[in-house]
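Down below is the structure, laid out as C-alpha cells.
The residues of the chain are indexed from 1 along the displayed sequence. Order of listing sets the numbers, starting from 1, for every ligand and every atom in it.
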Amino acid sequence: MSALILFGGGGDLALRMLLPSLYFLDHDGLLDPELKIIAAARSDETRDAYIERVRASVEPRAKSDDVWSDETWTRLAARLDYVALDATSADELKALKAKTGDGSVTAFMAVSPSLYGRIVPAMHAAGLAGPDTRIVLEKPVGRDLESFREIDDAVSAVFDERQVFRIDHYLGKETVQNLIALRFGNTIFEPLWNNLTIDHVQITVAETVAVGDRWPYYDEYGALRDMLQNHMLQLLCLVAMEPPSNIDADSVRNEKVKVLRSLRPITVEEAGRVTTRGQYTDYVSERGAPTDTETFVAIRADIDNWRWAGVPFFMRTGKCMAEKRTEIVIQFKPVPHSIFGRDGSSYRGAIQPNRMIIELQPDEDISLEVMNKQPGLDQRMQLQPITMSLSWGHNDRKASPPRRRIAYERLLLDAMAGDSTLFVRRDEAEEAWKWVDEVSDAWDGAAMKVEPYEGGSWGPEAADLLLSRTGRRWSSHE
Ligand code: BG6
C-alpha cells in the first residue's frame, strides 16, 4: 500500500485542484490501486462530511469535462480518509502514521508555508519521515532569499533533496512540457534558437481576475513574488536553457540554474528604465486602505551569456487585465533585405518577422507565423502572414482534442513516482530569489511607485514604453 497525505486537505487548493486531479488520474487508471489518500486538517469534521465536500467539488468539474462516473467516484471515495489533527504536534501525527501502512508515503503541504518548518520536525518525531517519504512543498516558500532559506533549512534538516518536491504548477502544464519536446525533439529549431536569429522574447501572463479576498496574502507578495519569481522565471529558463544531456531531473535543473545565474542584476539606476510596477485602480478600495503593492509588473531581463547576449526577454504579468492570456512569443529578426520592393508591397506594407507563439492559456498551442504568397494573379506579388499550428490537433483534424488536464495531475503522479524533473531544486529557487531580491532592492532604492492602470487594460503605459523605447511592441498591441 502507498499513501498520499494531504496536509490542509480541507482547504481551497486541495478541494479545487488536488482532489479533482486525483479523480481524473483514478478515472484514467493511473493511480496505484492500493493508494490511500489521507486528508489531514484541523477542522473537526467526520470522514463522511468531508467526502461529501470533496464530491461537491469534484463532481461538477468532472461533469463539465464529461468524465464523471459513479464507478470512479466510488473507487476514489473508498481511498479517502479524513483525520482531524494539529499537524504540528508529533503526538497527533502518530495517529496518522498508523494509517499509512508500510509502503511509500507522499506528503503534500497544502497549508501555509509558515507551517512547513513546524510540521516537518513533527513528522520526523512521529516516525513519518522515513527514507521512502516524499514531501511536496507548494509555493510561496518564503518571501525573499533569507526567509526561503529559513523554511527550506527546516525541511532539509529532515529530508534529503531527492525527497523534496517544490511545486511550480506551471511546469505541469502540457504546453510547457511540449516546449521541451519541441526544442529538443527536433533539429530544425535549435540552430535558430540564439541571438543570431531571435530578436527578442516576450512572456505574458495576463489574468482578468482581481485579487479579491486573497488580498491579505497578496498584499505581502505582489506580482513580483507571486508570479515572476516562480512561474515566469521557470518559463524563461525553459526557453533559454542549453540542451541538457538527458531529461533526468539533475541534467534539466543544472541547465536552468545556469540561466538564472546569467540573469543581469537590475540596478537602482536601471530600475525605472527596465521595469514597471502597476496597480489596478480598484485595488485600494478592495483592500480597504492605500498600499504600494504591485498588481502588475513588467521587466526587461537580459541573459548575459553567448547564446542570448543582446536578446531582451520582456516579461509582464498582472491581475485585472484585458484578457486571460498566457503566452511566450519568440520574435525572430526581420529579413535582412526585402526583394519585394521598398514597401514590401505586401500585407500591411511590410514583411512581418517570423514569430513562434507558445500559448498556454486560454488555448494550448504552439504556432509559427510565416510569410506566404497571397493566392492570385496580381502582378506585384502580395505577401501575407499565415499561422502554422505545431500542436497535436493538426496531425489528425478529425480527432477530438485530448482533455485539458489540470497541471497538478502530472505533478502528483511524478511526485508519487519520485521523479523530480518538473520540480524546482533548492539552488534554482535560491537563484530566482536572489534575482528577485535585487529587483525589489532596486525598486526601494529608486523609490519606484506603482503606476495606476484601469481594470480591463493591458497595464500602465510605462509598460508599453519599456518596449517602445527599444523599437518593439507587446504582441497584444498588434
Ligand atoms: C498562482 C498565483 O501561483 O498562480 C495566483 O498565486 C495566480 O495569483 C495563479 O492566479 C495563476 O495560475 P494559472 O494556472 O491560472 O495561470
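Considering only residues two or more places apart in sequence or on other chains, F314 meets the ring pair (Phe, Tyr, Trp, His ring centres under 6.0 Å) condition with H200. For the ring pair (Phe, Tyr, Trp, His ring centres under 6.0 Å) test, no residue two or more places apart in sequence or in another chain qualifies with Y218. By the ring pair (Phe, Tyr, Trp, His ring centres under 6.0 Å) test, F189 pairs with no residue at all, sequence neighbours left out.
Side-chain contact of T421 with D419: a donor-acceptor pair under 3.5 Å is present, judged by distance alone. A donor atom on one side chain and an acceptor atom on the other are found under 3.5 Å apart for T326 and Q361.
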Query raised in the report: Given the rule in the salt bridge (Lys or Arg N to Asp or Glu O under 4.0 Å) test, do E220 and R287 qualify, once you have shown the distances and angles that lead to the verdict?
Result: CA-CA 12 Å; E220 207 191 316; R287 188 197 171 292; over 6 Å; no
Hey, what polar pairs (N/O, under 3.5 Å) does ligand 1 make with protein?
from, atom 1, to, atom 2, distance (Å)
ligand 1, 3 (O), K139, NZ, 2.7
ligand 1, 3 (O), H231, NE2, 2.7
ligand 1, 4 (O), H231, NE2, 3.4
ligand 1, 6 (O), K139, NZ, 3.0
ligand 1, 6 (O), R214, NH2, 3.0
ligand 1, 6 (O), D226, OD1, 2.6
ligand 1, 6 (O), D226, OD2, 3.4
ligand 1, 8 (O), R214, NH1, 2.7
ligand 1, 8 (O), D226, OD2, 2.6
ligand 1, 8 (O), K319, NZ, 2.7
ligand 1, 10 (O), E207, OE1, 3.3
ligand 1, 10 (O), E207, OE2, 2.6
ligand 1, 10 (O), K319, NZ, 3.1
ligand 1, 12 (O), H169, NE2, 3.2
ligand 1, 14 (O), H169, NE2, 2.8
ligand 1, 14 (O), K173, NZ, 2.7
ligand 1, 15 (O), K324, NZ, 3.4
ligand 1, 16 (O), Y170, OH, 2.5
ligand 1, 16 (O), Q361, NE2, 3.0

